[in-house]
Amino acid sequence: MPHETQLYEDIPTSRWPIVYSTDYNITFIGLEKLHPFDSGKWGKIINFLRDEKLITDDTIVTAKEATEDDLLVVHTRRYINKLKWSFVVATITEIPPLVLLPNFLVQRRVLKPLRTQTGGTIMAGKLAIERGWAINVGGGFHHCSSDKGGGFCAYADITLAIKGNGHARDFMDDKRVYIMDMFNRHIYPGDTFAKRAIKRRIELDWGTEDKEYLEKVETHVKGALNEITPDVIIYNAGTDILDGDPLGGLSISPQGIIKRDEIVFSIARSRSIPILMVTSGGYQKRTARIIADSILNLHNLGLISNSLKNEPRI
């Protein structure tokens, strides 16, 4: 029997294929500040887009929380049950004080936002196929696989949207999935088993800057799409490449990130390949503004607009 989900609802064409919910944001008596990740960045992105008059609350898609049945399409029952232990969630999210809190609070204030973002990625996947593009303002939990979480990633939303080192493990022997990954080779991915699933690896050195980075993005995205013509591109558009990021170790400028997204969308749209963007990692407070500016740039260039299967101006 195919799995039935409430996440695949029909969305009015009057709404942009931009998915978000206020439930994405994690605020919990200040404990969220113990992790370098800005756990309120998703709401800030939406506020910036609203201030620029690109969207209103009535013109975007409200994400729904992924249910346990939705999650079990990919995750093992054993893994889902492990999340009912606060110390497990504390390890995955890298927020040690969560160990001291009752799990019902951890579920409500930490895991529910992540489940809602996961539901958003699944919903955005369907929208991308229907509209030609979609953006989940959250999601991109690439460190999580079917039976293991980590790096602030508790649910494998990318894997769920199709059926990071996390999702790489899930597609180890699946010839239908082509993974291209650009990363700082000195820090990621430490999981050498998962690394074998990456079909096209672009390994970067400490401090890589815009010119080299953007040339490699364009060359390798085109190269990958010359090898395969996918039904959909899932674009994990992390901002941990930003200069000064405490974990990324690269030196990409805000303008470089905006240009990267422009390159990826331009190539996908010119080849009429649906693209789903998720915002993933990025550990500085200024990333929300950069992501919003990138989305505005995509709109100004005609690479995204609110019309069914729109053809971009390029």
Within this structure, what is the [atom1]-[atom2] distance for the pair [X] and [Y], rounded to the nearest 0.5 Å?
| X | Y | atom1 | atom2 | result |
| --- | --- | --- | --- | --- |
| Ile198 | Tyr178 | CD1 | OH | 11.0 Å |
| His299 | Ile18 | NE2 | CD1 | 9.0 Å |
| Lys64 | Asp70 | NZ | CG | 10.5 Å |

Less than 3.5 Å apart, any donor N or O on the side chain of [X] or [Y] sitting next to an acceptor on the other?
| X | Y | result |
| --- | --- | --- |
| Asp157 | Thr118 | no |
| Thr76 | Asp147 | no |
| Asn297 | Glu262 | yes |
| Tyr20 | Asn136 | no |

Shared hydrophobic cluster, Ile273 / Ile275 (ILVMFWY, side-chain heavy atoms < 4.5 Å):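 Looking at the clustering, Ile275 is in the same group as Ile273.
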**Message:** With clusters defined by side-chain heavy atoms of hydrophobic residues (ILVMFWY) lying less than 4.5 Å apart, directly or transitively, does Leu101 cluster with Ile26?
**Reply:**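 Looking at the clustering, Leu101 is in the same group as Ile26.
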[X] atom [atom1]: more than 12 heavy-atom contacts under 6.0 Å:
| X | atom1 | result |
| --- | --- | --- |
| Asn226 | CG | yes |
| Glu203 | CD | yes |
| Lys44 | NZ | yes |

Check this for me: does any side-chain nitrogen of one of [X] and [Y] sit under 4.0 Å from a carboxylate oxygen of the other?
| X | Y | result |
| --- | --- | --- |
| Asp205 | Arg185 | yes |
| Asp23 | Arg115 | no |
| Lys199 | Glu227 | no |
| Arg77 | Glu68 | yes |
| Lys126 | Asp10 | yes |

Anything under 30° is parallel, anything over 60° is perpendicular, the rest tilted; go ahead and classify His186 against Trp206.
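Taking Trp206 first and then His186, their aromatic rings lie parallel (interplane angle under 30°).
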With a 3.5 Å distance limit and no angle check, can you tell me whether Asn184 reaches the backbone of Gly248 through a side-chain donor-acceptor pair?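 A pair under 3.5 Å: yes.
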**OP:** Report yes or no: does His220 contribute a side-chain atom to a donor-acceptor pair with the main-chain N or O of Arg200 at less than 3.5 Å?
**Re:**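 Answer holds: no.
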Residues which pass salt bridge (Lys or Arg N to Asp or Glu O under 4.0 Å) with Asp293, listed by chain and number, not counting sequence neighbours: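 Here the qualifying residues are Arg289.
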task = Please name all residues satisfying salt bridge (Lys or Arg N to Asp or Glu O under 4.0 Å) with Asp57, sequence neighbours left out, ordered by chain then number.
result =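 Listed in chain order: Arg50.
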inquiry  = Can you list everything that forms a side-chain hydrogen bond (donor to acceptor under 3.5 Å, both in side chains) with Asn81? Sequence neighbours excluded, please.
reply    =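 Testing Asn81 for side-chain hydrogen bond (donor to acceptor under 3.5 Å, both in side chains), a comparison that skips the adjacent residues, returns Lys84.
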